[in-house]
Each structure stands twice: as structure tokens, then as C-alpha cells.
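Written out below as C-alpha cells is the structure these notes cover.
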Amino acid sequence: MYWEPDKECMSRDELEQLQIERLESTLNRVYMNVPFYRKKFDEIKIDIDEIRSLDDLRRLPFTTKNDLRENYPYRLFAVPLREVVRIHASSGTTGMSTVVGYTKNDIKTWSNLAARVLTAGGVTKDDVVQIAFAYGLFTGGFGLHYGAERIGASVIPISSGNTQKQIKIMQDFKTTALVCTPSYALLIADTLREMGVNVNSLSLKYGLFGAEPWSEGMRNEIQEKLKIIATDNYGLSEVMGPGVAGECIERNGLHINEDHFLVEVINPETLEPVPVGETGELVITTLTKEAFPVIRFRTRDLTRLISEPCRCGRKFIRMMRVMGRTDDMLIIKGVNVFPSQIEAVLFDIEGTEPHYQIIVDRKGHLDEVTVLVEVSETIFFDEMKKQNELIETIKQMLATELGISVEVKLVEKKTIERTEGKAKRVIDRRKF
Ligand code: DLL
């Protein structure tokens, strides 16, 4: 049930002691080896020896994605390239990608942490794990692959795509755990139905999903369609990849691997910490990374921490599912809207399919939002009156949730593009 019980269940005092020791050695490492950090610390006249408590960490400057881009490709590495055994990169939607490196030890740590989140999600050495995340510069495939091997599970490195083949493999190889993005899991579920495969004839038990935001409604849908326990796992390449935090089968927030990552939640505008339990931007400092340590990295991901103990017995603090990124936030008629809020509403409505897209356009000076919602064939070909009623229901529910009115358009099944990786929920036409 636990991968490393002595760590995952350690007392707060013990943990904090370990964190401060590791923080000190990380600060030394970056100060000695990364000119970028040395310059930044010197500029604000901070002597790293003065950082003696976790509270002192707040005196250090943040690191942003932009800093990573400006130091492309290797300038933030804290070891010579000959010590680096693996390089990953995130494509980045805007311009230059960010490049990260791992030493042999980093790969060991990463495998261990991926093993932790997989174990928390139910995977054991008896499982057959189908990794349907992309293998490549993206960290999802390799990260979870190494974790599953570390556990001793039988790993199928199928990568993403070729959905019919995924299903054939799932049948023939008797896959028990599926690992991919939640949107790909839904596509696999829909394809199963189309192929006439009875889900009960499969051996699936667990699904470990992550790399993109998803709602509780989407989890329920996936769990029902695939007859599995679906858990959420979170990570980002700048910090390591998958393995930063993961849900246990209680499915109530993600345990952050706090012995390796120090987290803060800040108000993205004032940059001040928010009280535990309040939503803000997650900021992460790595405590054990050798090749690519980051200090106070602003993830842009919005979440809140849960300090109440979890029933599973793990002691690490949990984060709630990521509701979106600060840069995903739409400002419509002056109101902040996250795609995840729209998703949560749509999944509650009878007759809609779990596929949607949000189109943002500019008419004159005003931003206009249209939510495209796929509906079942019966409704689509139904009389106008029924369609209009459904549109009204969706509009009203969205207005209650969001506080503003948006346009809703019903579209036929399969109109919205399916994805094998991270879903693209928002089409922003204002930029073109
Ligand atoms: O997505 C790493 C990963 C792979 C995590 C597989 C989990 C499973 P990047 O491509 O660098 O790395 O993207 C990181 O994806 O900052 C979040 O905005 C988003 N993200 C990752 N996991 C979740 C999640 C991988 N569980 C960015 N829920 C992050 C919501 C997530 N968003």
C-alpha cells in the first residue's frame, strides 16, 4: 500500500528537519554551480547561510518559466553535462522550449517517486501497466515507465496514439492499469464502445491519469466507462515530471512528495503566501535534484493545500486537483473564468457528451465566449424545442457557476477533436 512507508508516513518534525537540511544543501549547490542563482542572490545581498528555517525561504527570489527560457538550453544546470544522463524538454505553447536534465541519481529518485504515486494509485508488482503517455521529450512516458518498472510491474511501453491497437493490446496482454491523460482515457473508453468491446471482458482495475486539468465529473465518467479506480497525478518537467504529487485510492487530493519538494501557495498578484486551504499559485523548490534544481519555481498552477490527515495514513500534505493555470484563465466581461469550472457544470448535465470546447472571440471591444457541447445523437436529431431547452439549462447552470452569461452551441457527436495527449479546451481566436 505504501512504497516507502518510513518517508511517506514520517512525522512533521522529522520531515521539517530533513527539508531544512536538504534545502541548505540545494542552496549551496545552486550558489556554487549556477551563475544565474548566484547573481540573483548577490543582487539582493542574501547570504544563503542565513537561510536557516523554512520561513526564511521567502526571502529568496522566485524563478519563472521565463528565466528558464532565457537560460536555454543548459545554463541552469548545476552539474557539467558529462554528469547528465537524460535530457527532457517541454514544448511550450509560446516560443522557446525549456530544457531539463537528470543525473543518474536524479533518475533513481524520479523512478522512486513515480513508484510512490503509482503505488498510491493501486499499482503493485502483480500489475500489467500500459503506459499510453507519449515517450519522448515529454516526461510522462519515461517518468511513469521507470516508476512502474521500479515497482516490478510488467510494463507495456505502448506510448500514446493508435487507439484501436491500444485496445487490442489491453485485451491480449490483460492490462490491469492504464496510464495516460484523462482525455485520452475517455477517447479509449469511447473507442471500446464503438468497437463493441465489453468492458467487463477486460482486466483493467486502475487508471492513473494526469498531465492536464480534469474535473470530478470527468473522473466519474472515466471510472464508470472503464470500470476502474481513477487517480490523479501531478508534475511538471521543470520540477521533475510526474511523481511530484499523486492521489491515493481515497481520491481526495494529491499527496505531495514533501521530502523532495518544498511547496508554497502564493497570491499570484501580491506574491504573498495565502493561508493553508486558500487557492493560489503553487510554488515549488526542489530539495534533492542534482542536475536541475529550482528555487521557488512559479508553476502558474492554481490549487489549494489540504492539511487534514488522509485516511490512507500518509502524512504528506495534499493539494487539491489543479483547477487550471493562471495563464488559462479567461477574463470574460471582467469576470475570471477557468475552463475547469465550465467542465464541472457540463459533466452534471444529462444528455451531453463529455466533450466540449470553449471558443473565445472578440466582437468590437468585448470578449465573447461560446461553449461548444457535444450531445448524444438522440438529442441532436430531436425536435428544436428539446434542443433549445437543453441550451437554456446549460446556459443557466453556467451563469450560476460563473456569474456571467455565455453562448452555448450544441454540436453533433465527434465534432470536437479528440486527443491522444493533452486536450486543447480553449480556442482563443482573439490572438489571430
Ligand atoms: O505534464 C508531467 C506529467 C506527466 C504529470 C504525466 C503527470 C502525468 P509538463 O508537460 O511539463 O509535465 O506539463 C506540466 O501540466 O504545470 C500543469 O499545468 C499541467 N498538469 C500536470 N499534471 C496535472 C494534473 C507534465 N494532474 C503542466 N492536473 C503543469 C492538472 C496538470 N494539470
Side-chain angles (χ1 to χ4, degrees), residues 63-65 68-69 87-94 97-100 102 110-111 113-118 120-121 123 129 131-148 159-160 177-185 207-216 218-219 222 230-247 251 253-257 261 263 268 279 281-284 292 294 297-304 318-329 338-341 343-344 419-426:
T63 307
T64 63
K65 191 142 179 132
L68 268 55
R69 288 204 188 103
I87 294 167
H88 281 283
S90 75
S91 55
T93 40
T94 47
S97 65
T98 52
V99 180
V100 295
Y102 306 76
W110 187 15
S111 312
L113 297 185
R116 272 193 203 169
V117 300
L118 285 157
V123 175
V129 183
I131 310 267
F133 270 124
Y135 282 67
L137 289 179
F138 174 57
T139 52
F142 281 103
L144 289 152
H145 176 109
Y146 273 57
S159 195
S160 64
L178 174 66
V179 179
C180 58
T181 58
S183 49
Y184 194 42
L208 289 102
F209 305 121
E212 65 180 5
W214 50 317
S215 61
E216 199 56 36
M218 182 139 167
R219 186 208 309 263
I222 295 174
T231 46
D232 188 9
N233 62 84
Y234 169 84
L236 61 168
S237 36
E238 293 87 346
V239 165
M240 190 173 73
V244 174
E247 271 184 331
R251 285 156 285 174
L254 297 84
H255 294 274
I256 301 171
N257 282 318
F261 307 102
V263 296
T279 301
E281 178 180 343
L282 187 70
V283 171
I284 305 181
F292 197 84
V294 283
F297 181 70
R298 289 188 59 182
T299 65
R300 303 193 199 172
D301 292 322
L302 293 163
T303 184
R304 62 189 166 83
R318 281 171 292 161
M319 57 186 257
M320 266 323 275
R321 64 171 68 252
V322 169
M323 66 177 287
R325 297 171 55 80
T326 48
D327 38 11
D328 271 355
M329 189 178 79
F338 287 96
S340 60
Q341 288 174 287
E343 176 175 311
T419 116
E420 295 159 355
K422 303 193 189 210
K424 188 161 173 47
R425 302 294 189 194
V426 180

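Here the structure is a predicted model, which is why all the values come from computation and not from measurement. As the structure lists them, so they are numbered: ligands from 1, and atoms in each ligand from 1. Along the sequence shown, the residues carry numbers beginning at 1.
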(message) Closer than 4.0 Å to some heavy atom of T139 - which atoms of ligand 1 meet that?
(response) 2 (C), 12 (O)

(request) Check ligand 1 against F133 and write out every atom of the ligand that is under 4.0 Å from a heavy-atom position of the residue. (result) 6 (C), 8 (C)

(request) Number the atoms of ligand 1 from 1 as they appear, then name those within less than 4.0 Å of a heavy atom of G140, with their elements. (result) 4 (C), 6 (C)

(message) Below 3.5 Å, N or O to N or O, backbone or side chain included: is there any such pair between A211 and ligand 1?
(response) yes

(request) Report the part of D301 in contact with ligand 1, treating N, CA, C, O as backbone and CB onward as side chain, heavy atoms under 4.0 Å; options are side chain, backbone, both, neither. (result) side chain

(message) Restricting to side chain to side chain donor-acceptor pair (under 3.5 Å), what partner residues turn up for E343, sequence neighbours left out?
(response) S215, Y356

(request) For the residue pair F209 and L178, establish whether any side-chain heavy-atom pair is separated by less than 4.5 Å. (result) yes

(request) Output yes when the distance from some N or O of ligand 1 to some N or O of S237 is under 3.5 Å, and no in every other case. (result) yes

(request) May I ask which of K65, E212, K422 has a heavy atom nearer to atom 27 (C) of ligand 1 than the others do? (result) K422

(request) Check ligand 1 against D232 and write out every atom of the ligand that is under 4.0 Å from a heavy-atom position of the residue. (result) 24 (C), 26 (N)

(request) Quick one: look at N233 and ligand 1, take heavy-atom pairs under 4.0 Å, and tell me if it's side chain, backbone, both or neither. (result) both

(request) Of the side chain and backbone of F209, name the one, both, or neither that has a heavy atom under 4.0 Å from an atom of ligand 1. (result) neither

(request) Would you check if R321 and P213 make a side-chain contact, meaning some heavy-atom pair closer than 4.5 Å? (result) no

(message) What I'd like to find out is whether the side chain of S160 reaches to under 4.5 Å of the side chain of F133, using heavy atoms alone.
(response) no

(message) Would you call the rings of H88 and W110 parallel, tilted or perpendicular, taking 30° and 60° as the class edges?
(response) perpendicular

(message) I want to confirm something. Looking only at heavy atoms, which of G235, G324, G246 is nearest to atom 25 (C) of ligand 1?
(response) G235

(request) Would you name the heavy atoms of R325 and L302 that are closest together and state the gap between them? (result) C-CD1, 4.2 Å

(request) Provide the closest heavy-atom pair for V426 versus P339 in the form atom of the first, atom of the second, distance. (result) CG2-CG, 3.6 Å

(message) Does this structure show an ion pair linking R219 with E247, if we count only N-O contacts that are shorter than 4.0 Å?
(response) yes

